[in-house]
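A quick note: this is a predicted structure, and the numbers were derived from the prediction, not measured. Lettering of chains follows the sequences in order, A, B, ..., and the numbering in each one begins at 1.
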Amino acid sequence: MTRLIRPVLAMVLALMALWYVAVLPMNVKETLTQAERAGAVIAPPSAVERRDMSNWALVLNNTHALGESWNLDRPRLPAPHQVLTELYASTIGEEVTGRRGIVKTGTLSNRSLIYHGLITLNATFVGFLIGTGLGVVLAVGIVHSRVMDMSVMPWAIVSQTIPIVALAPMIIVVLYSIGIQGLLPKAVISAYLSFFPVVVGMVKGLRAPDSMQLDLMRTYSAEPMTVLTKLRLPSSVPYLFASLKIAIAASLVGAIVGELPVQQGGLGARMLAGSYYGQTAQIWAALLMAAGLAAVLVWLIGVIERRTLRRMGMMA
Amino acid sequence: MSEPAPILAESAAPVIRAQHLDLTFQAADGPVHALKDVSLDIPKGSFVSFIGPSGCGKTTLLRCIAALEHPTGGSLSVNGMTPNEARRKRAYGYVFQAAGLYPWRTIGRNIALPLEIMGYSKTQQKERIAKVLDLVELSGFENKFPWQLSGGMQQRASIARALAFDADLLLMDEPFGALDEIVRDRLNEELLGLWRRTEKTIAFVTHSIPEAVYLSTHIVVMSPRPGRITDVIESPLPWERPLDIRDTPEFIEIAHRVREGLRAGYQE
């Protein structure tokens, strides 16, 4: 493990370096305009001329005036340290020193990513539970009924080919029209994304017992229910966990997408707000927060998976 | 229906009686006669081996007795019932080619599996697990997981699982086929001891001539295409069989007869 730390760190540093370099061409026009106002000589001197030039050419022609690239107020691509600063400011900073932070008011600030992250997390969990439950039930049905296998599975596959961003607003509108709003519509979108990996994994898992293991059950004249609980379900556990890791990440994506059209809090709402007001650092901070959440959730499932499999004797 | 020809003459009512048994599979390139006109009586308390090359129907016959396959002709009774009824009455324990223990259950819980399904109480389960583990000499391994045991020990555990619910009939489908010679010899010896102690009827599928001759009171020689019985040999060997009985002239003579029977099946 310790031998891997150095190469992994080197990889992270290389990615950061790439990001810093990419900031140059992405922000060059704004940087040069600012430098020109501050009195630097820029080639070519007119912003109109510069508009049609390629970003890299501008970078190479004006290497002396790029100092502010990584510190712009409204960058197209914020530098990593700007994103981290924003992330800190909108989490710990906002809560500890902010006027509405938890330290001053006792409740989470509605401008902090912690507040919005928790909103998203709520929807993610509810959606994940619905999706997993639905997935397991459908898989059990598919494995036991030829009719369900032929009727449900194709629809499940088709359902995943529809872009969720197109479907999400319709789900929200339809649910709103029957009086459901708030957490549930987002959870439904989450569930819509997360049931599928569970169905696929569980169908495979429930069918994992070989013919000998099934024959053994037949020699005991076991009922289908017994075969399910004593053979199929235990066999499917490793498959289930593989699916759950995908499902929880998909749930998070679903919750975020569900927050885009509604604008009532959540990481999705923050991302969209950031793009309305050109606050790219805010978008990136929300993105980072979402990525971090996803990583933690997947890791958590991994921990539960290892514990469960060890208890089941399926992992040394 | 013509008069059955009991091949294994015995006074007591046979545990298994097959009369003109046929089983034809419909394959893509025409029918396959897995079993054709198989008639056989297996008397209570006997140890019957089925031997023959692959495709001779020996496993199919065993699966018919277990009601895992269904004959397309003739009649078959187990304990005087149809195989299906017999299965529902828990008439037999079945041991497969591989141990087939459930990896998420300890050895003890694997043996408890049939007992759970058949509705034995917790105390009865405990009692029986201890008893059969002792029978197969695995006491002390109750809480181990299957992967912690050697292949031979796993197969012993699967025999214990088949013994746990006191079926009088034990059906064994090449149970030691995947094990090495030394382990196999030892398990053969143990199986004979177990059979004598428990007085069960054992139907045993194998493709090893020495194994068949060493274990059996009756050896059923089968041949393929179509799967049928070509010879039934009643063993004159004594019940007490140390492993070195395999070097005696009697043993070699029976083995020779089995080999001849197998060869005859091929030449037809």
Under 4.5 Å from any heavy atom of chain B - which part of A:T219: both
Contacting region of B:R90 [heavy-atom separation from chain A under 4.5 Å]: side chain
Contact check, side chains of A:L309 and A:E305, non-hydrogen atoms, under 4.5 Å: yes
Test side-chain contact (heavy atoms from CB on, under 4.5 Å) applied to B:M172 and B:I159, B:L62, B:V205, the passing residue: B:I159
Check whether any side-chain N or O of A:Y192 sits under 3.5 Å from a backbone N or O of A:S159 as a donor-acceptor pair, and report yes or no. yes
Is there side-chain contact between B:N84 and B:H70, with at least one heavy-atom pair below 4.5 Å? yes
Heavy-atom pair count under 4.5 Å with chain A, highest-scoring of B:G93, B:P103, B:A167: B:P103
Would you mind telling me which of B:A98, B:G100, B:A66 has the largest number of heavy-atom pairs within less than 4.5 Å of chain A? B:A98
Quick check on B:A67 against chain A: is it the side chain, the backbone, both or neither that has a heavy atom closer than 4.5 Å? backbone
Relative to the ring of B:W195, is the ring of B:F47 parallel (under 30°), tilted (30 to 60°) or perpendicular (over 60°)? perpendicular
